[in-house]
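Note that these values count all heavy atoms, side chains included, but never hydrogens, waters or copies made by symmetry.
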There are 4 protein chains.
Amino acid sequence: MARPKEHKPETILLAALSVFHEEGVTVSTARIAKAAGVSNGSLFNYFPTKQALIDALYVSIKSEMAAAVGEPDHAKPIEHRVRQIWDRWFEWARDNREAHHVMNLLHQAGLASADAQAVGNQHFEGSVAVFDEALAAGVLVDLPIDYLGALVQQQIDQAVVSELDDHQAEVAFGVLWNGITRNSNPPSTKASQ
Amino acid sequence: MARPKEHKPETILLAALSVFHEEGVTVSTARIAKAAGVSNGSLFNYFPTKQALIDALYVSIKSEMAAAVGEPDHAKPIEHRVRQIWDRWFEWARDNREAHHVMNLLHQAGLASADAQAVGNQHFEGSVAVFDEALAAGVLVDLPIDYLGALVQQQIDQAVVSELDDHQAEVAFGVLWNGITRNSNPPSTKASQ
Amino acid sequence: MARPKEHKPETILLAALSVFHEEGVTVSTARIAKAAGVSNGSLFNYFPTKQALIDALYVSIKSEMAAAVGEPDHAKPIEHRVRQIWDRWFEWARDNREAHHVMNLLHQAGLASADAQAVGNQHFEGSVAVFDEALAAGVLVDLPIDYLGALVQQQIDQAVVSELDDHQAEVAFGVLWNGITRNSNPPSTKASQ
Amino acid sequence: MARPKEHKPETILLAALSVFHEEGVTVSTARIAKAAGVSNGSLFNYFPTKQALIDALYVSIKSEMAAAVGEPDHAKPIEHRVRQIWDRWFEWARDNREAHHVMNLLHQAGLASADAQAVGNQHFEGSVAVFDEALAAGVLVDLPIDYLGALVQQQIDQAVVSELDDHQAEVAFGVLWNGITRNSNPPSTKASQ
DNA sequence: GATGAATGAGCCTTCATTCAT
DNA sequence: AATGAATGAAGGCTCATTCAT
């Protein structure tokens, strides 16, 4: 029935991606199996539990995204490397809206297990290292690395969600870079409450 | 049996807040009822459906937060007003970590109904107006208002999640403000891919 | 709130009648109480259980109907007495469609307890006696008394349900009487199967 | 565990028939499942809702009965055809007391949906046509077709309930036929009230 | 490996009944 | 009496998981 040569686990993950995107966090395994064109039972030949399937989906999206972002080129200056991460990440997310959405959904709703999230993060060690280095070099403002990393991720996410065009994305990168680098004057005074 | 004078709906919402925080999106009404110290059936004397309970929880958190943020003082300059929003919001979120977490959880997991989200947003019209005005005044970079608003929210969220101290929060506000205001040069060149 | 002078049990029974008629066999005690304008709990001050309420309703309808039918006049000939039962019964049922419907509903759905049905039947002993006597006198065809009695009841029921007018009801009585009296030739032959 | 070769939906319907007969309109799906020797959840593999199960039960009984009654033979005279309907219907009902009882129960308690009742009635169009024709031919008294049809049904029902033997059933048919045909004198006078 | 019927724990919700006020 | 909140046992239904074929 389904296209014969496709590898089943991938087919199932793609189906899961689609139904999570369209139907939210409550989808059943039966629904996923049906969308994948396999029987209810078959799904469990590939993923022993629903949690395993969710984790595999999360990790597969995250590693696909990591592959798209690639490894930073250590020969290039910091700003260039940060910009490259931004560009490729943004491009990937814009071209893979469903995957991007579902990745965030699984993460934010707490459906992906801690283990899966850890594995997913490993794929981004290269990118994180760029920020570590920038921080050590004194290029960035003095804030925890996880905070800065989160800002990058959130701003890219939001740029995709807000469907920024290329020009706007350019401006948006400026917002990020001008924010996190040291060349700026601190804001004046704290507002009285 | 339960403490006699406590108002029940509030007690139930507090219990729901707690278990959503601790056990995630999958909590059952029975679990909430037990945490609230009422019987399974009693919960439905106050909230006709689980969805109604979730919506009430979402709206109650959001309006509590809105009350904490307050209305901006139109006599003050823009930056002051933005700073005030940031300060109060951050303070509230830091003091109400559970509520802050659950609010985001219900929103991001799609559990709060569209109606509830609309009601919740009404409470923030005053704050949104500040950004509208800043945008119109040419103070901010030229990006969609929803994008800018989301940045504020996400950076505050992250500041709370990352448990920034007061000094770091000060720096973090600088990151936001230096990013979204116009006084900065755009970053030089787009990275080659 | 409710009209002050009405006797509560009757008010409740009338409300029950109405909601059973309009909403079928599944009505809740809460629904009945609301329709009666009393609180949920008050209902149980008058009827210790839902079953008791149903039984009281059944018996009250049945005895009201019996009162309408009255006692047969032993001075009159059999046919007259049967006709009188038919007339009064039909008239009552036509004027009390809801009660008639609910009485049958409680009976046929098995909601009225056996005891209640026995009590209800006691009110019709006078009428049954007419048929006993007719049977003994050889006026009627030789069939069990319960069978003949049931025919009378069912034909009246159906006459009401079919909304026969006076003339049709006259004809309908003829159908009954010509059927159950002996003056007619038996039908010719049994159909071969 | 359960007997392996039995067809499940039929097994479940038979179990439902039995428990509706024995326990009345309030039986739970769990009770039916247990009687059928399947798990609670299994029942819903065959009938998506309790209503669907009830409707299927109603229609299956009604069509089985219709099959037993068969199509009238248009070559035979009216009386013969009516008699044939009576005979076969009576025989089926006597041999299928439970089914007969439950069919009436579902109908009278309003448990079978309007759709199911419509479908059930389609199976009896042939029989109804016989009465239509008899009415048109002037054989029957001038009463609405639904009234006459109801009489037939009710008298057969009652004959079964009263457990008439063959001879009594013969007499009972006479009651029906002599009642509904024109050859009889109308009863004399209306009783004074 | 593939299937899909079977399972039964668990879910949300209803409701007759109780009881403190 | 009258109230209506509180109860908790069911009820209908879902679904992740198993397993015989």
Side-chain angles (χ1 to χ4, degrees), chain A residues 1-2 7-9 12 26-34 36-54, chain B residues 1-2 4 7-9 11-12 26-34 36-54, chain C residues 1-2 7-9 12 26-34 36-54, chain D residues 1-2 4 7-9 11-12 26-34 36-54:
Chain A
M1 302 283 161
H7 204 25
K8 283 284 177 55
I12 292 171
T26 66
V27 287
S28 65
T29 54
R31 184 72 196 79
I32 294 170
K34 186 179 203 178
V38 303
S39 75
N40 197 344
S42 268
L43 186 149
F44 289 91
N45 288 336
Y46 297 100
F47 304 98
T49 64
K50 189 187 192 183
Q51 185 63 59
L53 165 59
I54 289 173
Chain B
M1 305 279 162
H7 204 22
K8 280 286 173 54
T11 305
I12 292 171
T26 66
V27 285
S28 66
T29 55
R31 185 72 194 76
I32 294 169
K34 185 181 227 176
V38 302
S39 76
N40 201 336
S42 267
L43 186 149
F44 292 93
N45 289 342
Y46 298 98
F47 304 97
T49 63
K50 188 187 193 182
Q51 184 64 58
L53 165 60
I54 289 174
Chain C
M1 304 282 163
H7 204 26
K8 281 285 176 53
I12 293 171
T26 65
V27 287
S28 65
T29 54
R31 185 72 194 78
I32 294 170
K34 185 179 204 179
V38 302
S39 75
N40 197 345
S42 268
L43 186 149
F44 290 92
N45 289 336
Y46 298 100
F47 304 97
T49 64
K50 188 185 193 185
Q51 185 64 58
L53 165 60
I54 289 173
Chain D
M1 304 281 163
H7 204 24
K8 281 286 173 51
T11 305
I12 292 171
T26 65
V27 285
S28 66
T29 55
R31 187 70 195 77
I32 294 171
K34 185 182 229 178
V38 302
S39 76
N40 200 337
S42 266
L43 187 149
F44 293 94
N45 289 341
Y46 297 100
F47 304 97
T49 63
K50 189 187 193 184
Q51 185 63 60
L53 165 59
I54 289 174

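- Of all heavy-atom pairs between C:V27 and C:K50, the closest is O-NZ, 2.9 Å.
- Proximity note for C:Y46 (side chain, C-beta onward) versus E:dG1, F:dA2, E:dG8: the nearest is F:dA2.
- Atom CZ of B:F47 is separated from atom C1' of F:dA6 by 16 Å (rounded to the nearest Å).
- In the set E:dA16, E:dG4, E:dG1, E:dA16 carries the atom at the smallest distance from any side-chain atom of C:F44.
- Looking at B:N45 and B:S42, their side chains come closer than 4.5 Å, going by heavy atoms from C-beta outward.
- Going from atom CD1 of B:I12 over to atom C1' of F:dA5 covers 11 Å, rounded to whole Å.
- Using a 4.0 Å cut-off, no side-chain N or O of C:T29 falls inside it from OP1 or OP2 of E:dC15.
- Between the P atom of E:dA9 and the CZ atom of B:R31 lies a distance of 20 Å, rounded to the nearest Å.
- In this structure F:dA1 sits in no base pair that meets the Watson-Crick or G-U test at under 3.5 Å.
- Comparing D:N45 and B:S28 by the nucleotide of DNA chain E whose heavy atom lies nearest to each, the residue mapping closer to the 5' end is D:N45.
- Here E:dC11 presents its C1' atom at 12 Å from CD1 of B:I32, a figure rounded to the nearest Å.
- As a whole-Å value, the separation of C:H7 NE2 from F:dA1 P is 10 Å.
- Closest approach to the B:S42 side chain among F:dA6, F:dC13, F:dA1 is made by F:dA6 (side chain taken as heavy atoms from C-beta onward).
- From A:L43, atom CG reaches atom CD1 of A:I32 across 6.5 Å, with rounding to the nearest 0.5 Å.
- Checking E:dG8 for Watson-Crick or G-U wobble geometry (two distances, each under 3.5 Å) identifies F:dC15 as its partner.
- OP1 and OP2 of E:dG4 both lie 4.0 Å or more from every side-chain N or O belonging to A:K34.
- Residues B:A33 and B:S39 share a closest heavy-atom pair of CB-O, 3.7 Å.
- Take the nearest nucleotide of DNA chain F for B:G41 and for A:N40: the residue whose nucleotide is more 5' is B:G41.
- Atoms CG (A:L43) and P (F:dT18) sit 12 Å apart, rounded to a whole Å.
- For F:dA9, the paired base is E:dT14 (Watson-Crick or G-U wobble, both distances below 3.5 Å).
- In this structure, CG on C:L53 lies 8.0 Å from CZ on C:F44, to the nearest 0.5 angstrom.
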